[in-house]
Amino acid sequence: MLRVQNTSSQKAIRYFRQKPEQKKGYRCLGAGARELGIEGEIEAKEFENLMQGLSPDGSKHLSSRAVAPENAERS
């Protein structure tokens with residue numbers, strides 16, 4: 001079953017880190033994933049970088065409005 005809900009980037013990262021053995025096989029699909037070079041299975045670090053507004057390898061900001069992790073909303 002697919003469940004979709006809005007959440008903060010920090011909550012998404014925390015969820016991804018929980019029980020990493022159960023998070024294998026997460027896949028990115030579509031034109032956006034293809035453009036970022038992450039089509040297929042995604043690693044935890046790539047996911048964290050994306051949630052923080054960085055490229056999958058963490059080398060550049062994807063947004064001109066990037067927020068430092070320490071200033072991101074935490075709940």
Original post:
Do the non-hydrogen side-chain atoms of L62 and S55 ever get within less than 4.5 Å of each other?
Top reply: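 L62 reaches S55 side chain to side chain.
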
Look up atom [atom1] in [X] and atom [atom2] in [Y], then write down how far apart they are to the nearest 0.5 Å.
X	Y	atom1	atom2	answer
F47	Q52	CZ	CD	10.5 Å
R27	E41	CZ	CD	7.0 Å
K45	I13	NZ	CD1	8.0 Å

Original post:
By side-chain hydrogen bond (donor to acceptor under 3.5 Å, both in side chains), which residues pair with E46, not counting sequence neighbours?
Top reply: none

Subject >> Sole residue of L50, D57, I42 in side-chain contact (heavy atoms from CB on, under 4.5 Å) with L36 >> reply: L50

Original post:
Out of E48, H61, K60, which residue meets the side-chain contact (heavy atoms from CB on, under 4.5 Å) rule with L54?
Top reply: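 Considering E48, H61, K60, a side-chain contact (heavy atoms from CB on, under 4.5 Å) with L54 is found only for H61.
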
**OP:** Sequence neighbours left out, what passes side-chain contact (heavy atoms from CB on, under 4.5 Å) with A44? Give chain and number order.
**Re:**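 A44 satisfies side-chain contact (heavy atoms from CB on, under 4.5 Å) with F16 once adjacent residues are dropped.
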
Original post:
Where do S9 and M51 come nearest, in terms of heavy atoms and distance?
Top reply: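 Scanning both residues completely, I find the closest heavy atoms to be CB-O, 3.2 Å.
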
